Protein chains: 2
Amino acid sequence: MPKIVDAEARRQEVVEAVFRIIASDGLERASLREVADEAGLAVGSVRHYFVSSDELLVHSFAVVIDRIAGRLEEAYAVVESLDKASAEHDAAVLTLLGQFLPLDEQLAVDACVWMAFRHAARIRPVLEPEAARSHRAVAAVVGRLVMRLMPDGGSIQEHLVTEAERLLATLDGLCMHALLQPEWMTAEVCRDVLTAHLETLVAVPSNR
Amino acid sequence: MPKIVDAEARRQEVVEAVFRIIASDGLERASLREVADEAGLAVGSVRHYFVSSDELLVHSFAVVIDRIAGRLEEAYAVVESLDKASAEHDAAVLTLLGQFLPLDEQLAVDACVWMAFRHAARIRPVLEPEAARSHRAVAAVVGRLVMRLMPDGGSIQEHLVTEAERLLATLDGLCMHALLQPEWMTAEVCRDVLTAHLETLVAVPSNR
DNA sequence: AACTTTTTAGCACAAACGTGCTTGAACCGT
DNA sequence: ACGGTTCAAGCACGTTTGTGCTAAAAAGTT
C-alpha cells in the first residue's frame, strides 16, 4: 500500500490557498502556479489532487457555498428556537443576516470568494450549476425567514416572493458595498440598514 | 497636415468594442487583441489611440460612469419637475430607479460593464479612482431622491444616510440578481421590489 | 511633385497560463 | 528486504498577453 496522506485534508488546504488568493488578488490570479505557491506545493502536486484547473475552481466554489449555507442554517435554527416577540429573537435575526456580510476576517474572505465565483459564473459555464445551487440554498433560508417575520405569515404568495427577493437584494447589495466601498459602508451602517429593513418588513402597509 | 480622422470618435468606437466584449465574455477577455478584433482594427492601431491597456480600460470605465450618471441626472430632473403627490411623480421615480437595472439591451450592457469594473477596482488600483467617483455620483442622486421622498424631507441626518444607503444597496442587489440570475429576477419582480421599497420609504415607522 | 505628420499595421520578446508526460521519493504490506 | 502504489516535483509544448519598436500607407501643405 502507498504513502498514507489524508487526501481530503490536502484538498482542503489547497482550497484554502485558493480562497486567500481570490480574496487578496482576485479570481483571475487563482492560476495553478499561484495556488501551488500559496499552498507551498508544486504545480504537479496540486494537479494530483485536482485533475484540472476547472475542477479546482468548481470544488472551491462548492466549498464556500457549503460553508455559507451551513452558517445560515445554523443561525436560522437559533432564530426558530426563540420566541417570536422576544428581544433575543430580533438579535438572532440580525446575527443571521450578518452571516452574509464581511463583518470579520473569515466572513470577509468567504464573501469575496462567493462574489467572485458568482460573477465569474455569468461567463464560465462550468461554474453555473454551483451558482444556481448557491442561489437556491440562500433563497430557501431567506424565504423561510421572511415567512416567519411577516405579520400575516407570508400567506399571500406574491408578497412573500417580493419581500424575500427584496431582502435578498438588500443583503447582496450591502455585501457588495461593504466589499467594494469599505470606507463608506461600515459595520455600523450595515446594522442600521438591516434594522431599518426589518422594521419595514414587519410593518406591512395597509394598502397591500 | 496628416490624414484627418476624428480621433475622439475612433476612441469611442474602441470603447464600444470593449463594452461588447465585457458584456459577452467578461472583463478578463478584454485584451488588446480581442478589442482590436472586435473593433475591426489592428493592435497597433488601438495602441495609437490608447497608450496602454490600462488607459483603455480606465477610459472605458469613465465612459460608462458618465453614461449612467447622465441618465440618472436626466431622470432626476424629470422627477423634480413634477408635483410630489402626483401619479406621474411616482412613475418618474420608478423610471429613475430603473436606469440601474438591465431592463433593455443598452442598459444591460452598461450594467454588466459597470459591475465588472467596480469589482475589478477592488484589486486593480488604476481603476479605484473611477470607482470612487462612480460611487459618489450615484450616491448623490440617490441621496437627493431619498431626501425628496422621505416624509420629513430627510431632516434627520442619520435616517437620511441610512435610507439612502438602504435604497442604494437594494438597487445594486437587484441589478446583480438581474444580471446573474435572470431566470429568477424578471423585470416584473424588479418593479414589484422597487415599489415595495418605495412604500417603506414613504411610511417611516413611528418609533424612529 | 515633394514633404511632413498622422494613421494603420505588424514583428519580436518576455512572461504567464493549462496541460500531457516523465521521473524520483516516500511508504505500507508482504 | 522487497515490490507496488501513491505522492511530489518538474519539464516541455502550444497559447495568450502587454509592450517596445519599426515601417508602410494616407493625405493635407508647400
Side-chain angles (χ1 to χ4, degrees), chain A residues 1-22 24-61 116-117 120-121 123-127, chain B residues 1-22 24-61 116-117 119-121 123-128:
Chain A
M1 286 291 272
K3 182 176 176 180
I4 286 280
V5 168
D6 187 338
E8 204 47 49
R10 265 274 195 276
R11 281 168 63 96
Q12 191 57 36
E13 285 175 25
V14 176
V15 168
E16 300 288 348
V18 171
F19 288 174
R20 286 195 298 273
I21 290 178
I22 293 179
S24 66
D25 295 333
L27 182 56
E28 64 268 14
R29 279 233 116 76
S31 66
L32 282 180
R33 285 168 176 84
E34 289 278 347
V35 171
D37 272 9
E38 176 71 32
L41 297 174
V43 176
S45 305
V46 174
R47 295 209 332 148
H48 179 254
Y49 292 98
F50 298 95
V51 177
S52 69
S53 173
D54 278 355
E55 193 205 318
L56 170 58
L57 295 182
V58 170
H59 183 255
S60 300
F61 194 5
F117 275 125
I123 297 301
R124 306 183 60 166
V126 279
L127 299 176
Chain B
M1 285 290 272
K3 183 176 176 181
I4 288 279
V5 168
D6 186 340
E8 203 49 48
R10 267 274 195 277
R11 282 167 64 97
Q12 191 58 36
E13 285 176 25
V14 177
V15 168
E16 299 288 349
V18 171
F19 289 174
R20 286 195 298 273
I21 291 178
I22 293 179
S24 65
D25 295 331
L27 181 56
E28 64 268 15
R29 279 233 115 71
S31 65
L32 282 180
R33 284 167 178 82
E34 290 276 348
V35 171
D37 273 10
E38 176 71 31
L41 298 175
V43 177
S45 304
V46 175
R47 295 205 342 152
H48 179 254
Y49 293 99
F50 299 94
V51 177
S52 67
S53 174
D54 278 356
E55 193 205 318
L56 171 58
L57 295 182
V58 170
H59 183 255
S60 300
F61 194 6
F117 275 124
H119 276 88
I123 297 303
R124 306 183 60 166
V126 279
L127 299 176
E128 204 272 338

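All values derive from a computational prediction rather than experimental measurement.
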Under the rule for side-chain contact (heavy atoms from CB on, under 4.5 Å), what residues qualify as partners of B:D25, not counting sequence neighbours? B:R29

Side chain to side chain donor-acceptor pair (under 3.5 Å) with B:E16: which residues, sequence neighbours excluded? B:Q12, B:R67

For A:F19, check ring-ring contact (aromatic ring centres under 6.0 Å, His included) against everything at least two apart and list the hits. none

Please produce a list of atom pairs where a protein N or O lies less than 3.5 Å from an N or O of nucleotides 20-23 of chain C.
unit_1	atom_1	unit_2	atom_2	d
C:dG20	N7	A:R47	NH2	2.5
C:dC21	N4	A:R47	NH2	3.4

Going by the angle between their ring planes, with limits at 30° and 60°, are A:F50 and A:H59 parallel, tilted or perpendicular? tilted

Taken in chain and number order and not counting sequence neighbours, the residues that satisfy side-chain contact (heavy atoms from CB on, under 4.5 Å) with B:S24 are none

Determine: side-chain N/O of A:Y49 to OP1/OP2 of D:dT6, distance under 4.0 Å, yes or no. no

Calculate the interatomic distance between A:E55 atom CD and C:dT19 atom P; express it in whole Å. 11 Å

Value for CD (A:E28) from CD1 (A:I22), rounded to nearest 0.5 Å, stands at 9.5 Å

Can you give me every donor-acceptor pair (side chain of residues 30-41 of chain A, partner residue at least two apart or in another chain, under 3.5 Å) with its distance?
unit_1	atom_1	unit_2	atom_2	d
A:S31	OG	A:E34	N	3.4
A:E38	OE2	A:R20	NE	2.6
A:E38	OE2	A:R20	NH2	3.3

Atom-to-atom span, CG of B:L56 to C1' of D:dG18 - whole angstrom: 12 Å

Nucleotide nearest B:L41 (side chain, heavy atoms from C-beta), chosen from C:dA9, D:dA9, C:dT19: C:dA9

Using the side-chain contact (heavy atoms from CB on, under 4.5 Å) rule, take A:L57 and A:F117 through it: C-alpha gap first, then chi angles, then the decisive distance, then the call. CA-CA 9 Å; A:L57 295 182; A:F117 275 125; 4.1 Å; yes

Report each atom pair, protein N/O against N/O of nucleotides 13-17 of chain D, whose distance is under 3.5 angstrom.
unit_1	atom_1	unit_2	atom_2	d
D:dT17	OP1	B:S31	OG	3.0

Angle of first-five versus last-five pair axes in the helix from C:dA1-D:dT30 to C:dT30-D:dA1, to 10 degrees: 10°

Restricting to non-hydrogen atoms, name the atom on A:Y49 and the atom on A:R10 that form the minimum distance, rounded to 0.1 Å. OH-CG, 3.7 Å

Under 4.0 Å from OP1 or OP2 of D:dC7: is there any side-chain N or O of A:H48 that close? yes

Rounded to the nearest Å, what distance is computed from the CG atom of residue A:D25 to the P atom of nucleotide C:dC17? 11 Å

Just the rounded figure in Å: distance from P of C:dT8 to CG of B:D37. 16 Å

For A:R47, all residues meeting salt bridge (charged side-chain N to carboxylate O under 4.0 Å, His left out), sequence neighbours excluded: none

Between A:S45 and D:dC7, does any side-chain N or O lie under 4.0 Å from OP1 or OP2? no

